[in-house]
There are 2 protein chains.
Amino acid sequence: MKTIEELLESKNIRVTAMRLLIYKFLVEKDVAVTLSDIENAFEKSDRTTLYRTIKTFEEKGIVHQIDDGTGITKYALCEKGCNCEIENDLHLHFHCNNCNETVCLTAHKIPQIKVPDGFVAENVNLVVKGICDKCSGH
Amino acid sequence: MKTIEELLESKNIRVTAMRLLIYKFLVEKDVAVTLSDIENAFEKSDRTTLYRTIKTFEEKGIVHQIDDGTGITKYALCEKGCNCEIENDLHLHFHCNNCNETVCLTAHKIPQIKVPDGFVAENVNLVVKGICDKCSGH
DNA sequence: TCATTAATGCACTTCCATTGCATTTGTTTT
DNA sequence: AAAACAAATGCAATGGAAGTGCATTAATGA
Ligand SMILES: [Mn+2]
Ligand SMILES: [Mn+2]
Ligand SMILES: [Zn+2]
Ligand SMILES: [Zn+2]
């Protein structure tokens with residue numbers, strides 16, 4: 001089991017206090033987070049640093065960006081085995097209309113989508129909206 | 001074959017010069033348009049009017065909104081038989097990474113998506129990105 | 001025509017993403 | 001260890017798009 005430090009180093013990301021904190025924050029949350037979520041979690045730090053940190057994480061394949069249709073970009077840790085860096089990871093995202101949280105449904109791969117002749121599909125974004133398990137009282 | 005005037009009236013939308021122009025503009029374009037696209041097409045008119053016109057069209061089920069992941073909201077005319085008003089119309093959208101245009105693939109309905117137990121799906125947004133027929137040289 | 005209601009135009013606000021630049025901190029090289 | 005270099009951080013500012021308040025203008029209908 002790698003430490004966070006080792007993980008960051010293995011991805012050629014310099015280890016800094018802020019980066020460790022942000023990474024831990026992402027691990028603790030099991031839902032996708034906005035920049036503001038992170039900002040609110042660390043009164044102290046500057047939005048720009050958080051922004052650039054998350055962008056670094058994204059470039060290095062540690063987090064992926066999620067557009068869930070709320071108009072605010074969200075981010076979530078990539079699962080192990082996720083290959084965002086190379087190609088798009090084709091799991092679906094679920095946005096709860098009740099609690100407003102978005103989660104990765106990594107176990108649910110997106111089915112093959114047919115497109116008309118002449119069109120070339122390169123990647124797919126699939127967001128399902130509805131009521132999440134927590135809110136539906138399962 | 002209904003005139004545009006009749007169509008608008010049948011949806012309880014007052015006929016105005018601007019609304020007719022915007023409607024015609026949407027018909028001529030076979031792709032989804034942004035507010036800025038409309039704005040640029042009519043030097044004369046005010047952004048707010050266009051904004052509110054398109055919102056009116058949306059409420060009345062004449063156009064539907066598309067979130068193609070570019071961060072800019074796009075709009076396209078509903079096909080006949082589209083029932084956006086009542087429930088979500090489940091066709092997919094294609095965004096071309098080359099020409100940056102987005103089209104409705106109304107003939108391609110979104111397949112049934114499975115979600116885990118406890119989750120209740122209410123609607124689905126599916127955007128395929130790639131190269132469109134015009135750009136691929138079919 | 002007059003009264004009522006809706007549409008339009010202008011100014012302004014808010015929110016989020018993004019960048020420039022100076023400063024600080026960390027890493028190499030000598 | 002000191003100097004040189006490179007990267008990370010913080011602050012200020014910008015830009016783009018969505019949305020709102022309000023006064024004005026246009027359309028409807030009694
Ligand atoms: Mn995800
Ligand atoms: Mn469509
Ligand atoms: Zn929920
Ligand atoms: Zn194209």
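So that the names make sense, note that chain A is the first sequence line, chain B the second, and so on, each numbered from 1.
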(message) I'd like to check the salt bridge (charged side-chain N to carboxylate O under 4.0 Å, His left out) partners of Lys55(A); sequence neighbours left out, ordered by chain and number.
(response) Glu58(A)
(request) State yes or no: do Leu77(A) and Tyr75(A) share one hydrophobic cluster built from I, L, V, M, F, W and Y residues joined by side-chain heavy-atom distances below 4.5 Å, directly or via other members? (result) yes
(message) Hydrophobic clusters here meaning ILVMFWY residues chained together by side-chain heavy-atom distances under 4.5 Å, can you tell me if Ile66(A) and Phe119(B) are in one?
(response) no
(request) Mind listing the residues from residues 66-73 of chain B sitting with a heavy atom below 4.0 Å of DNA chain D? Number order is fine. (result) Ile72(B), Thr73(B)
(request) Indicate whether the side chain of His108(A) and that of His93(A) have a donor and an acceptor atom separated by less than 3.5 Å. (result) no
(message) Could you tell me how far apart Ile54(B) (CD1) and dA7(C) (P) are, to the nearest whole angstrom?
(response) 15 Å
(message) Among residues at least two apart in sequence or on other chains, which ones pass salt bridge (charged side-chain N to carboxylate O under 4.0 Å, His left out) with Arg47(A)?
(response) Glu39(A)
(request) Sort and list the pairs that fulfil side-chain hydrogen bond (donor to acceptor under 3.5 Å, both in side chains) and have at least one residue in residues 14-36 of chain B, not counting sequence neighbours. (result) Thr34(B)-Asp37(B)
(request) Can you sort out which residues in residues 15-48 of chain A have a heavy atom within less than 4.0 Å of DNA chain C? Ascending by number, please. (result) Arg47(A), Thr48(A)
(request) Give the dot-bracket string for DNA chain C, reading 5' to 3', where a pair is Watson-Crick or G-U wobble with both distances under 3.5 Å, ( ) marks pairs inside the strand, [ ] marks pairs crossing earlier ones, | marks a partner on another strand, and . marks unpaired. (result) ||||||||||||||||||||||||||||||
(message) If hydrophobic clusters are built by linking Ile, Leu, Val, Met, Phe, Trp and Tyr wherever their side-chain heavy atoms come under 4.5 Å apart, do Ile54(B) and Ile72(B) end up in the same one?
(response) no
(message) Does a side-chain N or O of Tyr51(A) approach OP1 or OP2 of dT18(C) to a distance below 4.0 Å, or not?
(response) yes
(request) Report the hydrophobic cluster partners of Val120(B), with the cluster defined as I, L, V, M, F, W, Y residues connected by side-chain heavy atoms closer than 4.5 angstrom, directly or transitively. (result) Ile131(A)
(request) Please name all residues satisfying side-chain hydrogen bond (donor to acceptor under 3.5 Å, both in side chains) with Thr53(B), sequence neighbours left out, ordered by chain then number. (result) none
(message) With heavy atoms of chain A within less than 4.0 Å as the criterion, where does contact along DNA chain D begin and end?
(response) dA7(D) to dA12(D)
(request) Please list all pairs passing the ring pair (Phe, Tyr, Trp, His ring centres under 6.0 Å) test where one or both residues lie in residues 34-60 of chain A, with sequence neighbours left out. (result) Phe25(A)-Phe42(A)
(request) Provide the full list of salt bridge (charged side-chain N to carboxylate O under 4.0 Å, His left out) pairs with a residue in residues 90-99 of chain A, sequence neighbours left out, each pair given once. (result) none
(request) Output all residues satisfying salt bridge (charged side-chain N to carboxylate O under 4.0 Å, His left out) with Glu5(B), sequence neighbours left out; order by chain, then residue number. (result) none
(message) Whether the Thr106(A) and His91(A) side chains hold a donor-acceptor pair (N or O, under 3.5 Å, no angle test) is what I'd like checked.
(response) no
